[in-house]
S.K.: 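Before I ask anything, let me first share the structure, which is written out below as structure tokens.
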Amino acid sequence: MQTKEAYRGTGMGVIFMAFFGTLWAGIGVMGLQEWGFPYVELASMLVGLLLLIGGISLLHQAQKMPERTTSHFQRIRFWFNIVFIAEGLLIGAAIAICNAINQTELIPAVIAIIVGIHFLPLASLFRIKLYYVTGIMLCLLALITLLAAPSTILLGAQQITAKLSLLGFGCAITLWTTGLILWFRLKHAKS
């Protein structure tokens with residue numbers, strides 16, 4: 001039997017994956033330099049919107065269930081907030097450092113590494129092994145992008161910023177897939 005907390009937590013997780021996945025897709029779109037306009041943008045927004053609707057539906061279902069908040073769930077919420085705040089502070093510091101050393105092209109990859117690392121304590125906290133995979137994938141995408149991806153490539157006659165597109169769409173797909181898996185796992189566990 002699924003709990004209100006499971007539905008609420010999963011719903012919020014799916015919403016986070018929808019929102020941040022769509023932001024990463026926006027970075028990928030920037031790298032395309034108007035290639036595929038407006039279809040790529042619309043497809044990205046549609047995927048994000050569908051996941052958002054899925055997350056909201058889980059929150060709506062949670063409202064119909066009895067409240068069972070315990071100190072265990074309060075402790076989870078506390079540590080989630082700590083991890084989220086630390087992630088935000090590290091991202092802010094990384095942006096400031098990259099700007100100070102005039103290495104702004106590193107910002108997206110450094111952010112992806114920080115976001116990936118933030119999933120590792122969340123995997124343990126929420127007991128969701130999928131978050132380990134998500135975190136590792138984000139870190140690997142960032143490292144591959146930094147170390148192996150060309151700066152630009154030609155896509156047809158259009159030059160695109162390959163590093164931004166690879167990293168942005170790679171992170172988006174990773175987060176969206178994580179959100180879909182969370183959503184479908186809870187739906188499957190219900191039946």
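This structure is a prediction, so every number in the text was calculated from the model and none was measured.
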S.K.: Looking at every heavy atom in both Gly31 and Leu164, which two are closest together, and how far apart are they?
M.R.: CA-CB, 3.8 Å
S.K.: Donor-acceptor check, side chain of His60 to backbone of Ser57, threshold 3.5 angstrom: yes or no?
M.R.: no
S.K.: Measuring from Thr134:OG1 to Phe119:CZ, what's the distance to the nearest 0.5 Å?
M.R.: 5.5 Å
S.K.: To the closest 0.5 Å, what do you measure between CG (Leu49) and CG (Leu42)?
M.R.: 11.5 Å
S.K.: Report the distance from atom CD1 of Ile181 to atom CG of Leu186, rounding to the nearest 0.5 Å.
M.R.: 14.0 Å
S.K.: Report whether Leu138 and Phe19 are members of the same hydrophobic cluster (ILVMFWY, side-chain heavy atoms less than 4.5 Å apart, transitive linking).
M.R.: yes
S.K.: At their closest point, which heavy atom of Ser44 faces which heavy atom of Val29, and how far apart are they?
M.R.: OG-CG2, 4.4 Å
S.K.: If every non-hydrogen atom of Val14 is compared with every non-hydrogen atom of Gly55, which pair is closest and at what distance?
M.R.: CG1-N, 3.6 Å
S.K.: Do you know which two heavy atoms are closest between Arg8 and Ala62, and how far apart they sit?
M.R.: N-CB, 3.8 Å
S.K.: So, taking the atom named CD1 in Ile15 and the one named CH2 in Trp183, what distance separates them when rounded to the nearest 0.5 Å?
M.R.: 11.0 Å
S.K.: Side chains of Thr178 and Val133: does their closest heavy-atom pair fall under 4.5 Å?
M.R.: no
S.K.: Around atom CD of Glu105, are there more than 12 heavy atoms of other residues, nucleotides or ligands at under 6.0 Å?
M.R.: yes
S.K.: Determine yes or no for a side-chain-to-main-chain donor-acceptor pair under 3.5 angstrom, with Gln33 supplying the side chain and Gln159 the backbone.
M.R.: no
S.K.: Would you say the side-chain atoms of Ser165 pair up with the backbone N or O of Gly28, donor to acceptor, closer than 3.5 Å?
M.R.: yes
S.K.: Atom CE of Met12 and atom CZ of Phe80: how far apart are they, to the nearest 0.5 Å?
M.R.: 7.5 Å
S.K.: Please find the pair of heavy atoms, one from Pro121 and one from Ile117, that lie closest to each other, and give the distance.
M.R.: CD-O, 3.1 Å
S.K.: Applying side chain to side chain contact (heavy atoms under 4.5 Å, CB included) to Glu87 and Ile91, what does each step give before you reach the verdict?
M.R.: CA-CA 6 Å; Glu87 175 192 27; Ile91 288 172; 3.9 Å; yes
S.K.: Can you name the closest pair of heavy atoms from Gln61 and Tyr7 and give their distance?
M.R.: OE1-CE2, 2.8 Å
S.K.: Please determine whether residues Ile95 and Val115 belong to a single hydrophobic cluster, defined as Ile, Leu, Val, Met, Phe, Trp and Tyr linked transitively by side-chain heavy-atom distances below 4.5 Å.
M.R.: yes
S.K.: Got a sec, which residues hit ring-ring contact (aromatic ring centres under 6.0 Å, His included) with Phe169, two or more places apart in sequence or on another chain?
M.R.: none
S.K.: Does a side-chain heavy-atom distance below 4.5 Å link Leu122 with Ile128?
M.R.: no
S.K.: I need the Tyr131 OH to Ile136 CD1 distance, nearest 0.5 Å.
M.R.: 15.0 Å
S.K.: Side chains of Ile27 and Leu167: closer than 4.5 Å at any heavy-atom pair?
M.R.: no
